[in-house]
There are 2 protein chains.
Amino acid sequence: MNENQVLPWDNPRFKNWIAVARASQLIHQKLGRALVSLDIKVPHLDIMANIYRFEGISQQDLAHKLLVGRSNISMLLPQIEKRGLIERRKDETDKRILRLYLTDKGREVTLKALAIELELIEHSLSTSNLDECNQVGRIMNRMIDQMDAWGK
Amino acid sequence: MNENQVLPWDNPRFKNWIAVARASQLIHQKLGRALVSLDIKVPHLDIMANIYRFEGISQQDLAHKLLVGRSNISMLLPQIEKRGLIERRKDETDKRILRLYLTDKGREVTLKALAIELELIEHSLSTSNLDECNQVGRIMNRMIDQMDAWGK
DNA sequence: ACATAATTGTACAACCATGAACGAAAATCA
DNA sequence: TGATTTTCGTTCATGGTTGTACAATTATGT
């Protein structure tokens, strides 16, 4: 009794997921190349975009949102800070927390970078209409919820 | 005239893509944790699964399929080879090429690892029916084609 | 109040990934 | 054939990511 008689590639969910993973990997790579013109890396953009959305976010919360470790954030931030793109200020009521803010320059770079990312995504998805894109989003969000619920 | 009056997060394609990227990242992380039990890493599985599908594939072709650099493959393979999971044999008609094969042990580990990956994906996507999964796959493949065509 | 536990950010070592430069082998082409 | 170019794999330096251990600070519980 062999549970692997059917190869994974014959499984519809598996096969379709592979396409998702490839598309994700490709976008990531292409975004990396495109950001060279702004002299920033994808992880830097991820960080700045989140500070843009959530001004004053803590490093902990930022790491949680980006699904990375705190040490990752802790090592990347000084680089961005030295370039004058962000600021770190101590929270006065809880001295453990460092709150993050974009400088004017940082906001400017972030918007330029997001415009590049937006163009890349819109072009890549231009062959799918909005209903299709929305359905993909719904399915992916269900998938994320399912994984969170599983905990594993 | 500011082209960024509308934030990216208000753009439907962008917003939905973020969900794709998050799901992809989560699966990757969870797969990594799950593979600890077999003492292999995700990149190792990617490699072995492709050798499983395409016996005798060259390192070059393997790198191309995985969308990584040749140096990446070249550095990972010796690790897997030392564990007796794969074999590298020189092509006799073209001595530049090293052809890759799984050992029996490698095939066994690969199937176990693929079963873990399959379970993870099937569970995560269990809230979506097959039509939905197929449509996601179609859209992602169109997206990949679009990016390949753009070249950029 | 005081001891214990939990949280926040950092430092460090290990590993993975990348791109450029290189040598060997094969293909091209004159 | 002989010279040039291309392809394949490796090596090396650089930089990204992770997990663990740690110091400082705050929260908890008696």
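In what follows, chains are A, B, ... by sequence order, proteins preceding strands, each numbered from 1. The basis for the numbers below is simple: all heavy atoms, side chains too, and nothing from hydrogens, waters or symmetry mates.
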> Is there side-chain contact between A:Glu87 and A:Arg89, with at least one heavy-atom pair below 4.5 Å?
Replying inline: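 Yes, at least one pair of side-chain atoms sits under 4.5 Å.
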
>> Using every non-hydrogen atom in the two residues, find where A:Gly69 and A:Ala63 come nearest and quote the distance to one decimal.
In response: O-CB, 3.9 Å

Return the value, rounded to whole Å, for the distance between atom [atom1] of [X] and atom [atom2] of [N].
X: B:Ile73; N: D:dT10; atom1: CD1; atom2: P; value: 10 Å
X: B:Arg88; N: D:dG9; atom1: CZ; atom2: P; value: 9 Å
X: B:Gln59; N: D:dT11; atom1: CD; atom2: C1'; value: 13 Å

> How long is the span from the CG atom in B:Asn50 to the CG atom in B:Leu66, to the nearest 0.5 Å?
Replying inline: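 Rounded to the nearest 0.5 Å, the CG-CG separation comes out at 5.0 Å.
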
> From B:Glu117 CD over to B:Glu122 CD, what is the distance, rounded to the nearest 0.5 angstrom?
Replying inline: 11.5 Å

> Are B:Met75 and B:Ile73 connected, step by step, through hydrophobic side chains (Ile, Leu, Val, Met, Phe, Trp, Tyr) whose heavy atoms are closer than 4.5 Å?
Replying inline: no

>> Let me check something: do A:Phe54 and A:Leu45 share a hydrophobic cluster, defined by ILVMFWY side-chain heavy atoms less than 4.5 Å apart, either directly or through other members?
In response: yes

>> Between the side chains of B:Arg83 and B:Glu81, is the shortest nitrogen-to-carboxylate-oxygen separation below 4.0 Å, so that they form an ion pair?
In response: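 The answer is no: the pair does not qualify as a salt bridge.
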
>> What I want to find out is whether A:Glu92 reaches A:Arg99 closely enough, with some N-O distance under 4.0 Å, to be called a salt bridge.
In response: no

>> Need the bend value for the helix from C:dA1-D:dT30 to C:dA30-D:dT1: angle between end axes, 5 pairs each end, nearest 10°.
In response: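 One end axis against the other gives 30°.
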
Identify the pairs formed between an N or O of the protein and an N or O of nucleotides 12-16 of chain D at a distance under 3.5 Å, and give each distance.
from: D:dG16; atom 1: OP1; to: A:Lys41; atom 2: NZ; distance (Å): 3.2

> Passes salt bridge (charged side-chain N to carboxylate O under 4.0 Å, His left out), A:Arg142 versus B:Glu132? Steps please.
Replying inline: CA-CA 12 Å; A:Arg142 283 207 301 262; B:Glu132 289 175 319; 3.0 Å; yes

>> If you assign each of A:Lys95 and B:Asp61 to its closest nucleotide in DNA chain D, which residue comes earlier from the 5' end?
In response: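 Its nearest nucleotide being more 5', the pick is B:Asp61.
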
>> Parallel, tilted or perpendicular: which one describes the rings of A:Trp9 and A:Phe14, with boundaries at 30° and 60°?
In response: perpendicular

>> I need the full list of ring pair (Phe, Tyr, Trp, His ring centres under 6.0 Å) pairs touching residues 94-133 of chain B, with sequence neighbours left out, sorted by first then second residue.
In response: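 Every ring pair (Phe, Tyr, Trp, His ring centres under 6.0 Å) pair that includes a residue of residues 94-133 of chain B, provided the two are not neighbours, is A:Trp150-B:His123.
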
>> Here's a test of your reading of the structure: between A:Arg99 and A:Gln29, which maps to the more 5' nucleotide of DNA chain C?
In response: A:Arg99

>> Go through it in stages, so that I can follow the logic: the residues are B:Ile40 and B:Met48, the test is side chain to side chain contact (heavy atoms under 4.5 Å, CB included), and I'd like the CA-CA distance, side-chain angles, deciding distance and then a yes or no.
In response: CA-CA 10 Å; B:Ile40 60 173; B:Met48 291 195 294; 3.9 Å; yes

> Restricting to pairs with a member in residues 44-69 of chain A, which pass salt bridge (charged side-chain N to carboxylate O under 4.0 Å, His left out), not counting sequence neighbours?
Replying inline: A:Glu55-A:Arg107

Considering only nitrogen or oxygen atoms on both sides, find all protein atoms under 3.5 Å from nucleotides 3-7 of chain D and state each distance.
from: D:dT7; atom 1: O2; to: B:Arg96; atom 2: NH1; distance (Å): 3.0

> Earliest and latest nucleotide of DNA chain C, 5' to 3', sitting under 4.0 Å from a non-hydrogen atom of chain B?
Replying inline: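 The contact span of chain B on DNA chain C goes from C:dC15 to C:dA26.
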
